[in-house]
Amino acid sequence: MLRVRGLAVRYGSAVAVEGVDLEVHPGEVVTLIGPNGAGKTSTLLALTGLARASGELCYLGRPLDGLEPEERVARGIVLVHERRLLFGEMPVEDNLLLGAFSRYKRGERGLGEDLERVYRLFPRLAERRRQPAATLSGGEQQMLAIGRALMSRPKLLLLDEPSLGLAPLVVQEIFGILRRLKAAGTTLLLVEQNAKAALSLADRGYLLEAGRVVLSGDAAELARDPQVVEHYLGLHPEERP
Amino acid sequence: MDPTIFGFLLSDGLISGALYALVALSLVLVFAVTRVILIPMGEWVMYAPLTQAGFLEGRLPATVGLSALLLLVWAVLDRRRGRAPWLLAGWAVGVGLLGMAGVRWPSLAGPIAFLVVLPLGPASFRLFFEPLPQGSVLLYLILAVGLHFVYKGLGLAFFGPDQFRLPALWPGELGVLGLPVPGQGVLLVAAALLAMAGLFLFFTTLYGKALRAAAVNRLGARISGISVREAGRVAFLLATAVGAAAGLLAAPLTNASYDMGFLLGLKGFVAAILGGLVSYPLAVVGGGLVGLLEAFSSFYASAYKEAIVFTLLLPVLAWRSLSALTLEEEE
């Protein structure tokens with residue numbers, strides 16, 4: 001579905017990503033883990049067109065070069081940004097409907113069904129549908145950001161740190177939702193600092209350090225890799241149950 | 001004050017208020033979508049009747065060339081965007097043809113002038129505002145003031161310093177409660193109410209909400225599939241349409257000259273501020289208030305009428321800053 005070869009992202013003279021290769025197959029959940037500044041977010045921004053990138057980006061058999069972010073959304077590449085980027089002063093329901101704007105513009109109607117689907121997934125959003133998005137709690141805002149992205153019926157959903165700044169219970173809730181999305185066959189590319197949760201959800205994973213892929217493979221195998229265990233799961237190998 | 005004078009001042013105030021309301025609506029529209037305080041709107045409001053006057057005198061107004069030129073520059077800038085450059089070039093040619101049609105058929109001068117002035121808004125957005133996508137409100141304001149001077153200077157070069165009198169669309173008068181109200185004024189008030197209702201309804205549609213969302217959270221809009229550039233162009237187009245129509249409808253009552261735009265834009269701005277630069281109905285109320293205040297102060301203290309109108313800003317700003325709703329916005 002997505003094939004990336006030799007991806008590089010530079011901000012001025014600072015190199016954020018250099019020579020990253022990665023692949024995402026349909027229906028798969030792939031995670032990018034690694035420390036702060038490893039280039040995980042930059043990789044996602046490059047895929048959405050929000051960061052200038054070089055390298056070969058091939059999506060559904062066609063190159064992504066020269067497509068604006070909004071054109072990529074219309075093709076099904078949708079990002080849940082780590083800062084959520086909601087329309088704070090607008091009601092929850094408008095935020096969701098605007099997520100489907102590219103479909104609305106194509107003349108698709110019946111967005112109400114998708115709205116109901118998102119409300120079934122996030123009943124708390126349904127309770128707050130008339131409230132301005134800025135008045136929601138952090139967890140609810142994250143749900144709204146995910147819900148807004150789902151409204152566009154993404155083919156490839158990019159999630160940047162969905163657990164960032166949330167209480168452990170809320171993180172569990174969010175990952176529960178991601179599990180349900182996975183079960184429904186949604187293709188996910190997940191960037192997470194919470195490597196444990198990410199690897200337990202994902203089929204495959206890539207470990208990024210300093211802008212390069214240092215390790216990749218099956219998520220379960222990555223979760224057993226001594227290097228990953230020691231640095232990203234916060235356990236010494238011998239402590240592992 | 002005797003009731004007849006009161007009635008005259010009232011109708012005068014409401015009619016000029018309708019003009020300010022229309023300008024205010026266009027300013028609110030542009031600000032709500034792009035965060036640009038569009039000072040040159042006043043110039044475009046004047047360009048429309050001045051262009052019409054040019055046609056009526058049987059010459060080709062220079063605004064035709066300006067409009068076509070800006071569209072061609074836009075086409076060159078967007079040369080890599082598929083069919084867009086060809087459509088834009090076609091639009092430029094269309095403006096040229098319209099100009100010739102305006103000279104040939106003076107009875108259509110009004111609508112043709114409207115169509116000739118219309119591209120100035122979106123083209124100015126594309127050429128001057130779009131290349132600065134991350135600009136602050138202040139940066140855009142400085143740019144807008146610069147454009148105001150440019151368009152005003154061009155106005156003088158194009159049309160000269162004279163005032164033009166234009167024929168009324170509805171030359172008769174209407175008796176309202178025994179007072180003669182000019183038909184043209186009735187048209188102007190109707191246009192203001194219609195534009196208000198239209199814009200209000202437009203912004204309840206998902207397309208309208210997407211335009212607003214582009215200003216509320218620019219990056220959030222882009223990742224939701226909303227083109228911020230397109231939103232700005234559409235906002236400028238609609239605003240120019242409202243402004244040009246206002247100019248054409250008002251000119252038979254107020255005359256038109258190249259230097260009337262600034263004060264007009266400023267009064268429209270005062271009216272828009274009354275609505276906090278966000279509300280269309282309040283912008284129209286504000287326009288009416290500015291018009292009435294101006295009419296009555298020109299009767300009681302005509303030397304101070306402008307000063308009194310602009311003094312209205314102070315209590316309004318104080319009230320708005322005290323009652324302002326502050327929502328934290330992530331940006």
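Order of the sequence lines sets the chain letters (A, B, ...), proteins ahead of strands, with each chain counted from 1.
Taking CD1 of Ile226(B) as the start and CG of Leu98(A) as the end, the distance is 4.5 Å to the nearest 0.5 Å. A distance of 5.0 Å separates CZ of Arg212(B) from CD of Glu89(A), quoted to the nearest 0.5 Å. Residue Asn217(B) holds its CG atom at 9.5 Å from NE2 of His81(A), rounded to the nearest 0.5 Å. For the atom pair CD (Glu230(B)) and CD (Glu68(A)), the distance works out to 11.5 Å, reported to the nearest 0.5 Å. In this structure, Leu97(A) CG and Thr205(B) OG1 are separated by 11.5 Å, a value rounded to the nearest 0.5 Å.
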Audit row: Glu93(A), Lys209(B), salt bridge (charged side-chain N to carboxylate O under 4.0 Å, His left out) steps and yes/no: CA-CA 11 Å; Glu93(A) 188 149 304; Lys209(B) 284 173 182 170; over 6 Å; no

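Other residues, nucleotides and ligands contribute only 12 or fewer heavy atoms inside 6.0 Å of the CZ atom of Arg83(B). For Phe200(B), the CZ atom is loosely surrounded, since the number of other residues' heavy atoms within 6.0 Å does not exceed 12. Other residues, nucleotides and ligands place more than 12 heavy atoms under 6.0 Å from the CZ atom of Arg106(A). Counting non-hydrogen atoms of other residues, nucleotides and ligands closer than 6.0 Å to CZ of Arg52(A) gives a total of 12 or fewer.
Counting heavy atoms from C-beta on, the side chains of Arg222(B) and Leu85(A) never come closer than 4.5 Å.
Proximity to chain B (any heavy atom under 4.5 Å) is restricted, for Leu111(A), to the side chain, taken from C-beta onward. Contacts between Phe87(A) and chain B at a heavy-atom distance below 4.5 Å involve backbone atoms as well as side-chain atoms.
Between Ile223(B) and the choices Leu50(A), Leu45(A), Ile77(A), the side-chain contact (heavy atoms from CB on, under 4.5 Å) rule is met once, by Leu50(A).
A salt bridge does not link Glu70(A) with Arg229(B): none of the charged nitrogens is closer than 4.0 Å to a carboxylate oxygen.
Interface summary for chain B: among Leu79(A), Val73(A), Val80(A), Asn95(A), the most heavy-atom pairs under 4.5 angstrom belong to Val73(A).
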